[in-house]
Every structure is written in structure tokens, then in C-alpha cells.
Participant: 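Following this message is one structure expressed as C-alpha cells.
Proteins get letters first, then strands, A, B, ... in listed order; numbering begins at 1 in each.
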Protein chains: 2
Amino acid sequence: MTEDDLGRRGHTRTEIIASAYQLFIQRGYHGASMRQIAQNAGIALGGIYNHFASKEAIFIAVMIDHYPLMAIAPALQVAQGQTIEELFRNAALLIDQALGQSPDFLNLMFIELVEFHGQHVPQLFETVYPKVLLFAQQFEKWQNELRPVPIPILMRGFIGLFFSYFMTDKLIGSLLPVEMKQDAFDCFVDIYLHGILVKGEAVTE
Amino acid sequence: MTEDDLGRRGHTRTEIIASAYQLFIQRGYHGASMRQIAQNAGIALGGIYNHFASKEAIFIAVMIDHYPLMAIAPALQVAQGQTIEELFRNAALLIDQALGQSPDFLNLMFIELVEFHGQHVPQLFETVYPKVLLFAQQFEKWQNELRPVPIPILMRGFIGLFFSYFMTDKLIGSLLPVEMKQDAFDCFVDIYLHGILVKGEAVTE
DNA sequence: CCTACCGATCGGTAGG
DNA sequence: CCTACCGATCGGTAGG
């Protein structure tokens, strides 16, 4: 097998995953057919099975490449800040950028939760969890600036912040005037930060 | 047509909706078949079409009866409090109770967003929106206790709070130790309230 | 409300 | 990687 063959194989595989991703997030797992996936990838139905053993195998490959939670890890890793507020704001900004503007990326997560009962979530989450812990470790030096909230709840709330924003955007975003959406994300981050920091209260040392 | 007939008809219809609801949230819209819905409802396939014109008509009926956002409206309507903090806490508690313990209720929303591209959301949301506005009107008397956040963002954040909690519960809830889940919801409400109130800061009059 | 059926489409495979 | 095919199942309907 030459390198060209490997390149072709990889390219076709990539095309299949890209095609399946689009169809899955647009129609759901059972709503997207192997024939549609093949057609969008530019090959015949039978050709798919040279790359994947089954439809579910394609879904898992799509999850590994596009699962939204996975975008959180690298963002948490590179986020920096002189203050804890700056650290959070930078992390939020990086995650927001990584997830992209369209909230359609959430659909993959929805499909997983509904049509697969969240089977693959624990496996994927274990990849992210250590990164979350590393990020949370940075809080120690600012412990006196944080309200007495358990660190895991703090992180859970931070991740939840994105669901809060993107879910409401998905549900009622199209009904809101543009000027109200402009700074909504900043407002959400602001409320969260004000909610976890003691800033403004009397801090005795 | 006698009242008995109406009662039977209504009962069968209710059975179909209940059966469809369970199957939809467990397998998704395209993953649940009309034959399964009929079987769980205790009738033959053909019998369904005496009550519904199509599969989608069943889905819409299920949405009207079980759409999670609809549970928010009555809770906001009866929520009361001597302080704005109490008002929010009571509303949060009522909504939490109305939604129930199992976060499976969210699945219906996911299916709608993915497999129907959120077609029915605006119609359902218009039912809830006036109630949200009425709730928000109560804030006027406590305006000086609120940080300068636009009221719509405040309400969007309040609704988002539930997504924040239930989505993270659904995703990683099973991985968390029980003692960490115990007060998580209270903590989330607490962070939100601390985030929107000026309490603790210098309030000049 | 059930039985029996419709055409269409499903995921997957054999053979080349 | 394609063509042609498999049995199974899909949503929906006719007739009683």
C-alpha cells in the first residue's frame, strides 16, 4: 500500500465523517440514512463499508472529531490571567471561540443523549476531566477572593454557563432583537463571575 | 355519540400520547415507530389513525402536553416573596419541582431542536413569554437592589440557570458522588442570585 | 378499531 | 470502490 493509497483512504474517510456530521446534526441519527451519507461524501453506499463497519461506528468517529465538550479541554489548558476574573474571562472567550458561532454543534450532544442514552458520554468526559481539574488547581492562589463554593460546583457552574447561554440562544435567540444579543454572552459571564467572587464585599485578611 | 364514546375516545387518545411520549424521549422521533406506539398504547397500528392524521400530529400533541418550557409559566405565576431574593428562590424551587427529578424531560426539547429544526418552538414560547414578562415586572420595586443588567438578560439568565443545572446533571451527573449532587441546585441558584444582586456592595441612596 | 396490505426505504452484504 | 441485491421495517391506507 503506497502513501498515496493511505492519503486517498484517509481523504475518503474524512469525507464520510464530514458528510455524516452534517446529516446527523440536521436530521438526527435515525433520520440520516447511509445512502444520504454516501451520496454527500461522493461515493456509493457499499463504499462506506470499506471504512466503517456500521452506521454506529461512523457516529462514534463523528463524536470523537466533533463532540462539543472536547473543545473545552484545549481552551482551559491555554487560558491565562493575572487575576482570577481575567482567567475566567479568557477561558470563557476561548471556549466560545472554539465552539463557533452556530449553536448547531449542540445537536450532536442531543442525539447522543436521546438516541444513545448517553452511552459514550463517560468515555469522552474522562478525557476532559483531568484538564478541568488542572484548570481548577489554579484557583488555590486566589482562594480568598472566591466565595465559599465547592470547587467542583464552581467548575460545573462554569461549564453550565455555556449551556445556559447556547441553549437559550438556540431556543429563543431568533426571537430577540439583535441589539439584545450583542453583549448577552458578556453579561452571562459577568453574572457568573459576580456570583462566585467576593469582590465588593468586605474582605478581611 | 354518547358520553361513553367520548370518554373512550379521550382515553385511547391519552394512551397514545403517553405511549408516544415514552418512546420519543427514549429513542427519538425517527427511532420510535408507529407500530411500537400502537403496541404500547394497547391498540393495533391502524387504530392510531382514528385519533391522529400522522406521526407528526402525535408528536405535536406530545409537545403540547409535555414540553418542559411550558412548566415554567405556572410556576412563575404563583411564585411570591417578600424580597427579590425570596421571589427568585421560590420561583426556582417551583420550577424545579414542576420539571421533576429525572432530566429525561429535556429529551423532548432536544428532539424538537434536532429532528424538527425547532419549528414549533416559537409557537410554544409565545405562550410562556407573557408570563415571563409579568414575573419580570415585579422587579421594578426592587430595582435598586439589582445590578445594572438588562431585564431580558436577567430573565434569560434565570431560564438558562435550569439548563445549566439539568444539562450538566444529565451529562456528568452519574459520575459525581451523591454528596456533591445534594446541594448542587441550591448552589447554582445561590451563584446566580449573588451574580445579579448588589447585596454586599455599597448601596448609596 | 383490526386485518391485511401498499410502495418506499432502511442497514447491510456478496461478488466482482 | 460500485452494482445489484437481501430481509426487515418504515409510515400510511383500504375495507370491513
Participant: Any ion pair linking B/Asp186 and B/Arg89 (charged N to carboxylate O, less than 4.0 Å)?
Facilitator: no
Participant: Crowded around A/Tyr129 OH? As in, over 12 foreign heavy atoms under 6.0 Å?
Facilitator: no
Participant: Does atom CD (A/Gln123) have a neighbourhood of more than 12 heavy atoms from anything else shown, all under 6.0 Å?
Facilitator: no
Participant: For A/Asn50 and for A/Arg35, locate the closest nucleotide of DNA chain D by heavy-atom distance; then report the residue assigned to the nucleotide nearer the 5' terminus.
Facilitator: A/Asn50
Participant: What does B/Ile48 touch in the nucleic acid at a heavy-atom separation under 4.0 angstrom: a base, only the sugar-phosphate, or nothing?
Facilitator: nothing
Participant: Would you mind reading off the distance between B/Arg27 atom CZ and D/dT9 atom P, rounded to a whole angstrom?
Facilitator: 12 Å
Participant: Anything under 30° is parallel, anything over 60° is perpendicular, the rest tilted; go ahead and classify B/Phe116 against B/Phe59.
Facilitator: parallel
Participant: Among residues 13-24 of chain B, which ones have heavy-atom contacts with DNA chain D below 4.0 Å?
Facilitator: none
Participant: Describe, in one word, how the ring planes of A/Tyr21 and A/His66 are oriented to each other, choosing from parallel (under 30°), tilted (30 to 60°) and perpendicular (over 60°).
Facilitator: parallel
Participant: Heavy atoms only: give me the nearest B/Gly81-B/Asn90 pair and the separation to one decimal.
Facilitator: CA-ND2, 4.4 Å
Participant: Could you state the CD1-C1' distance from B/Ile37 to D/dG12, rounded to the nearest angstrom?
Facilitator: 13 Å
Participant: Nearest whole Å is fine: how far is D/dC10 C1' from A/His30 NE2?
Facilitator: 12 Å
Participant: State yes or no: are the ring centers of B/Tyr165 and B/Phe188 separated by less than 6.0 Å?
Facilitator: yes
Participant: Only Watson-Crick and G-U wobble pairs with both distances less than 3.5 Å should count. Give DNA chain D in dot-bracket notation, marking inter-strand partners with |.
Facilitator: ||||||||||||||||
Participant: For D/dC1 and A/Thr12 - does any side-chain N or O of the residue sit under 4.0 Å from the phosphate oxygens OP1/OP2?
Facilitator: yes
Participant: Reckon A/Ala38 touches a base, only the sugar-phosphate, or nothing at all at heavy-atom distances under 4.0 Å?
Facilitator: nothing
Participant: How close or far is atom C1' of D/dT9 from atom CG of B/Leu45, stated in whole angstroms?
Facilitator: 12 Å
Participant: Round to the nearest Å and state the distance from B/Glu56 atom CD to D/dG11 atom P.
Facilitator: 13 Å
Participant: With a non-hydrogen cut-off below 4.0 angstrom, is A/Ala57 in contact with a base, only sugar-phosphate, or nothing?
Facilitator: nothing
Participant: If I take atom CD1 in residue B/Ile58 and atom P in nucleotide D/dG11, what distance separates them, rounded to the nearest angstrom?
Facilitator: 10 Å
Participant: Roughly, in whole Å, what's the span from CE in B/Met34 to C1' in C/dC1?
Facilitator: 15 Å
Participant: Is B/His51 close enough to C/dC1 that one of its side-chain N or O atoms is under 4.0 Å from OP1 or OP2 there?
Facilitator: yes
Participant: Establish, with yes or no, whether the OP1 or OP2 oxygen of C/dC10 is under 4.0 angstrom from a side-chain nitrogen or oxygen of A/Ser33.
Facilitator: yes
Participant: Report, as yes or no, whether the 6.0 Å neighbourhood of atom CD on B/Gln39 holds more than 12 heavy atoms from other residues, nucleotides or ligands.
Facilitator: no
Participant: Side chain of B/Ile43, heavy atoms from C-beta onward: which of C/dC2, C/dG12, D/dT13 has the nearest atom to it?
Facilitator: C/dC2
Participant: Could you check whether the rings of A/Phe135 and A/Phe158 sit parallel, tilted or perpendicular, using 30° and 60° as the cut-offs?
Facilitator: parallel
Participant: How many Å lie between CD on A/Gln39 and C1' on C/dG11, as a whole number?
Facilitator: 17 Å
Participant: What distance separates B/Leu134 CG from B/Gln138 CD, expressed to the nearest 0.5 Å?
Facilitator: 8.5 Å
